Amino acid sequence: QVQLVESGGGLVQPGGSLRLSCAASVTISRYAMRWFRQAPGKERELVASITSFDGRTNYADSVKGRFTISRDNAKNTVYLQMNSLNSEDTAVYYCNAQRSSTNYWGQGTQVTVSS
């Protein structure tokens with residue numbers, strides 16, 4: 001049973017920072033790793049991704065320059081550093097591991113940006 005466990009969410013003031021972590025029970029170097037988020041009443045959206053073979057990253061336009069995805073293959077952990085947070089970043093953030101047609105999801109971690 002593959003497990004992805006997110007942590008690091010919470011309440012933060014506008015302009016603040018958080019770092020999310022996703023600990024995987026699989027060898028993440030074999031997977032493309034992605035962070036999604038879903039705000040209330042909205043569809044789940046892709047926030048950031050990092051490829052398995054060369055570590056190339058990609059970001060949604062709404063988070064470019066503020067969020068950074070990274071991976072530590074030795075720890076089988078993926079991170080999402082989030083800076084300059086604003087209220088529109090409030091959502092449940094999900095970790096995803098993808099290889100071919102296989103997708104694994106974490107349970108999600110809540111991020112709330114509010115003063």
Side-chain angles (χ1 to χ4, degrees):
Q1 181 72 16
V2 174
Q3 286 189 321
L4 301 176
V5 180
E6 302 99 334
S7 61
L11 175 64
V12 62
Q13 292 186 343
S17 298
L18 282 175
R19 189 177 81 153
L20 305 183
S21 299
C22 171
S25 64
V26 294
T27 303
I28 65 168
S29 60
R30 300 174 182 173
Y31 292 81
M33 300 301 296
R34 303 182 292 178
W35 285 98
F36 287 77
R37 69 185 180 186
Q38 188 166 19
K42 295 187 177 181
E43 294 186 354
R44 190 171 297 190
E45 64 170 343
L46 177 62
V47 174
S49 62
I50 185 166
T51 59
S52 58
F53 54 95
D54 61 2
R56 184 174 46 175
T57 59
N58 198 23
Y59 299 93
D61 287 342
S62 59
V63 307
K64 278 181 182 177
R66 300 188 298 121
F67 290 13
T68 303
I69 187 172
S70 61
R71 62 196 301 159
D72 185 335
N73 289 340
K75 295 183 178 180
N76 284 325
T77 301
V78 179
Y79 304 97
L80 185 68
Q81 178 67 43
M82 306 186 295
N83 299 326
S84 301
L85 287 161
N86 59 61
S87 59
E88 295 186 350
D89 297 316
T90 295
V92 178
Y93 285 71
Y94 297 90
C95 179
N96 169 271
Q98 181 198 39
R99 184 173 63 170
S100 298
S101 60
T102 300
N103 275 281
Y104 299 111
W105 293 91
Q107 82 288 350
T109 185
Q110 176 70 46
V111 171
T112 302
V113 184
S114 176
S115 55

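No hydrogens, no waters, no symmetry mates; every other heavy atom, side chains included, goes into these values. What you see is a predicted model; the values in this text were computed from it and never measured.
Every residue meeting the side-chain hydrogen bond (donor to acceptor under 3.5 Å, both in side chains) condition with T112, not counting sequence neighbours, appears here in chain and number order: Q110. Evaluation of the side-chain hydrogen bond (donor to acceptor under 3.5 Å, both in side chains) rule for S87 yields no partner, not counting sequence neighbours. Under the side-chain hydrogen bond (donor to acceptor under 3.5 Å, both in side chains) criterion, Q3 pairs with no residue at all, not counting sequence neighbours. Partners of F36 according to the ring pair (Phe, Tyr, Trp, His ring centres under 6.0 Å) rule, which considers only residues two or more places apart in sequence or in another chain, are W105.
Hydrophobic clustering, with ILVMFWY side chains joined whenever heavy atoms are under 4.5 angstrom apart, keeps V111 apart from L46. The same ILVMFWY cluster, assembled from side-chain heavy atoms under 4.5 Å apart, contains both M33 and Y104. Cluster annotation: Y94 is not connected to L18 through the hydrophobic network of ILVMFWY side chains, with a link wherever side-chain heavy atoms come within less than 4.5 Å. In the hydrophobic clustering of ILVMFWY residues, with side-chain heavy atoms under 4.5 Å counting as a link, W35 and V92 come out apart.
Residues N86 and R66 form a side-chain contact, since some pair of their non-hydrogen atoms from C-beta on lies under 4.5 Å apart. Side-chain contact between N76 and V26: absent, with no pair of heavy atoms (C-beta onward) separated by less than 4.5 Å. Using a 4.5 Å cut-off on side-chain heavy atoms (C-beta onward), Y59 and I69 make contact. Contact check for S114 versus L11: side-chain heavy atoms found under the 4.5 Å cut-off. Proximity of L80 to E6: side-chain heavy atoms (C-beta onward) are nowhere separated by under 4.5 Å. By the 4.5 Å heavy-atom criterion applied to side chains, D89 and R37 are counted as neighbours.
Side-chain contacts under 4.5 Å among hydrophobic residues (ILVMFWY), followed directly or transitively, place F53 with no other residue at all.
With hydrogens and angles left out, the side-chain atoms of N73 and R71 include a donor and acceptor closer than 3.5 Å.
The minimum heavy-atom distance between A91 and A39, with the atom names listed, is CB-N, 3.8 Å. The minimum heavy-atom distance between S17 and S84, with the atom names listed, is OG-N, 4.3 Å. Smallest separation of non-hydrogen atoms from A24 and L4: CB-CD2, 3.4 Å.
S115 places no side-chain N or O within donor-acceptor distance of the main-chain N or O of Q13, the cut-off being under 3.5 Å.
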task: I would like to know whether Q81 and N83 meet side chain to side chain donor-acceptor pair (under 3.5 Å); could you show each step before the answer?
output: CA-CA 7 Å; Q81 178 67 43; N83 299 326; 2.9 Å; yes
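Judged as a side-chain hydrogen bond (donor to acceptor under 3.5 Å, both in side chains), not a single pair has a partner in residues 21-33 (not counting sequence neighbours).
To the nearest 0.5 Å, atoms CE (M82) and CZ (R19) are separated by 11.5 Å. Note that the CG atom of L20 and the CZ atom of F67 stand 8.0 Å from one another [nearest 0.5 Å]. Between N58 atom CG and K64 atom NZ the span is 6.5 Å, to the nearest 0.5 Å.
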